Structures are given as C-alpha cells and as structure tokens.
Amino acid sequence: MKLGDVYKHKKNNSLIQIDSYATPMGRFDKGKEIIVFRKIVPYSIIGSSPAFNGYGSNEEIENEYELLVSQEDLSNYSDWDEIFHLAKNS
C-alpha cells in the first residue's frame, strides 16, 4: 500500500486514495501506524473532489477495498472520470 494508490470498495465501488500514514502521538512503533485516506467522489461540474478523510490499518482497508490503480499507473489516466469509469466496469 503506497501513497497515491487508489482503492475500490469491494461491494459499492466507492473510491479512496491513500493520503498519508500516521502514528499515535508521533510514536513510531512498528505495526501501530494507521493509514489515512481520502474518499474520492464525483462532483457534478468540476469532476471529482476529496470528500473527507478516514483512517484504518492495512488489514482493515484491504478487508473492504481492493487496489484499483497503483500510484505508478495514475499517469495513464487523464482525469478522475476515467478512474470512476474503470471502477464501475471492473
């Protein structure tokens, strides 16, 4: 799981993008980090918008979401509409 990776919810096709990593009160204890993500939603006229941030462990996120577009492959898409279309049809 890398910064910028886009994940699709396994049941409802909603999208999240990995935004950052955090640790409780800045303690860098191995295995206690959380992953912060932003929910990406279609936004009528201008395309898409981050709706809000969420967080979870790697396991929690991968229980509900699956990788749709890796950070390395994002440059293959011209805009979020293409990624929403990919999520809907995959």
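Given the structure is predicted, the values throughout are model-derived calculations rather than measurements.
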Legend entry - Gap between atom OG of Ser57 and atom CG of Asn63 - 0.5 Å precision: 7.5 Å

Legend entry - Salt-bridge present (Lys10, Glu66; N to O < 4.0 Å): no

Inset, instruction - Report yes if the side chains of Lys2 and Glu72 come closer than 4.5 Å at any heavy-atom pair, otherwise no. - result: yes

Inset, instruction - Kindly compute the distance separating OH (Tyr55) from CD (Glu60), expressed to the nearest 0.5 Å. - result: 8.5 Å

Inset, instruction - Enter the distance from Ser20:OG to Glu33:CD here, rounded to the nearest 0.5 Å. - result: 12.0 Å

Inset, instruction - Output the distance between atom NZ (Lys39) and atom CG (Leu15), rounded to the nearest 0.5 Å. - result: 9.5 Å

Inset, instruction - Answer yes or no: are there more than 12 heavy-atom neighbours, outside Lys11 itself, under 6.0 Å from its atom NZ? - result: no

Inset, instruction - Looking only at non-hydrogen atoms, find the nearest pair between Ala87 and Leu68 and report the distance. - result: CB-CD2, 3.7 Å

Legend entry - Pair Asp81-His85, side-chain hydrogen bond (donor to acceptor under 3.5 Å, both in side chains): steps then yes or no: CA-CA 6 Å; Asp81 289 336; His85 183 73; over 6 Å; no

Legend entry - Ile40-Val69 co-clustered via ILVMFWY side chain contacts under 4.5 Å: yes

Inset, instruction - Using a 4.5 Å cut-off on heavy atoms from C-beta on, say whether the side chain of Leu3 contacts that of Tyr21. - result: yes

Inset, instruction - Decide whether Ile35 and Tyr65 are clustered together by the hydrophobic rule: side chain heavy atoms of Ile, Leu, Val, Met, Phe, Trp, Tyr closer than 4.5 Å, transitively. - result: yes

Inset, instruction - Verify side-chain contact (heavy atoms from CB on, under 4.5 Å) between Gln17 and Tyr7, making sure each step is shown before the conclusion. - result: CA-CA 6 Å; Gln17 185 175 34; Tyr7 282 76; over 6 Å; no

Legend entry - Residue pair Thr23 / Ile34, side-chain heavy-atom distance below 4.5 Å: no

Inset, instruction - Taking all non-hydrogen atoms of both residues into account, name the closest pair between Phe84 and Val41 and its distance. - result: CZ-C, 3.6 Å

Legend entry - CZ-CG distance between Phe37 and Asp19, expressed to the nearest 0.5 angstrom: 10.5 Å

Inset, instruction - Mark yes or no for whether Asp5, through its side chain, and Gln71, through its backbone, hold a donor-acceptor pair below 3.5 Å. - result: yes

Inset, instruction - Give, for atom CD of Glu59 and atom CE of Met1, the distance between the pair rounded to the nearest 0.5 Å. - result: 8.5 Å

Inset, instruction - Using the side chain to side chain contact (heavy atoms under 4.5 Å, CB included) rule, pick out the option among Leu74, Ile16, Leu86, Leu67 that qualifies with Val6. - result: Leu74

